[in-house]
Amino acid sequence: MFTPPRCPYQTCPQHLRPDPGDLRPHGHYRAKCRPHPIPRFRCVACLRTFSRQTFRMDYRDHRPDLNVRLFQSLASGIGLRQSSRNLRLSFRCTELKFRKIARHLRRLNLNIRKSLRGDACFQLDEFETYEGRRNTRPLSVPVLIETKTRFIVWAESATIRPRGKMTPARKRAIAEDEKRLGKRRDRSRRSLRRTLRRGADLARGPGPVLLETDQKSSYVDLAAESLGAGRLVHLRTSGKLARTSANPLFPINHTEAMARDLMGRLRRESWLVSKKRRYLDLGLQIFMAYRNLVRLRFNFDLASPAQMLGFAPRRLEETEVLGWRQDWEGRSIHPLALRCETVHDRMGIGSRAA
Ligand SMILES: [Zn+2]
């Protein structure tokens, strides 16, 4: 039985300080895609009505039954077009579903995390890919992970300037691109800083923060600035070392290899490509949610990375990941809630009304 935890309209006083008695049952409706009637409610304070669906991620979907299959498909390296063929769904619907699911997962990824207990150990690296055109629009993607659990703290793309061998044809293509899109700027520092700050958000404890990277010189001051120079222990490993499991940076290299495998758009020599950077970022959020919440750390493990860090009591099922809406930060319903508890309550984070 569902009882609404708050009024879903953020401007209503019943949203921040809900009184369950003021959210009254208000009949039900039937949807073609569901066998059971869906209860409706009315808020006494703002007189607006809503339903249980208002709190679900598949709110307003015509084919909610395909969400889990699409999520699994996109987290397994299959492209949008092939997924749309497999699901018998139009390409446009698949594309819009992908964006909706990924935006939801971005909020979920940010909601299901809290300060780390104990010392923080991170590894940072960047890999390169491109948007639209390989020889003119390269991207750099910084990835930050928690080393022991392989939890992906953050990953996002940034534009960089084309570099490497310049053939006359490539120079022409770059000039053509510049005329149409303007000069391509190097934004990698900005996204590196944002990525490191996501790490700082997790490492709020007083203990030292260990960061392992390769020897790129810009990491030194950026890491000190974002993670705190006083407590940062920065270990740097040569990028020339063989990329075997004996390499100290194996965990981050392995995570990047997994990202390349499970996100078709990052695979080399592939037909799949991100036409725009922002959709690559959405794809990264799907990969992060899958890696952190759904997949076990290693095949022989019994726990997911988020579980090992104490962010979730167990591994999440795909249906749970795609369950309750996560729009209201800590006030959203926790994916594993039994009685509509909020994310903050369930994770033991204070400031219920905040
Ligand atoms: Zn209301």
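Source: prediction; values computed, not measured. First listed ligand is number 1; within each ligand, the first listed atom is number 1.
Donor-acceptor pairing under 3.5 Å is recorded for the side chains of Gln82 and Arg85. Side chains of Asp58 and Gln53: a donor on one and an acceptor on the other come within 3.5 Å. Remark: the Asn109 side chain and the Gln285 side chain contain an N/O donor-acceptor pair separated by less than 3.5 Å.
Judged by a 6.0 Å distance limit and a 45° cone about the ring axis, Arg81 is positioned over the six-membered ring of Phe91.
Listed by chain and number, the protein N, O or S atoms at a distance under 2.8 Å from the Zn ion (ligand 1) are Cys7 SG, Cys12 SG, Cys43 SG, Cys46 SG.
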Worked verdict on Phe41 versus Phe2 for ring-ring contact (aromatic ring centres under 6.0 Å, His included): CA-CA 10 Å; Phe41 302 89; Phe2 173 81; 5.8 Å; yes

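Checking each of Lys276, Lys275, Arg278, Arg184 against Glu131 for a salt bridge (Lys or Arg N to Asp or Glu O under 4.0 Å) leaves exactly one that passes, namely Arg184.
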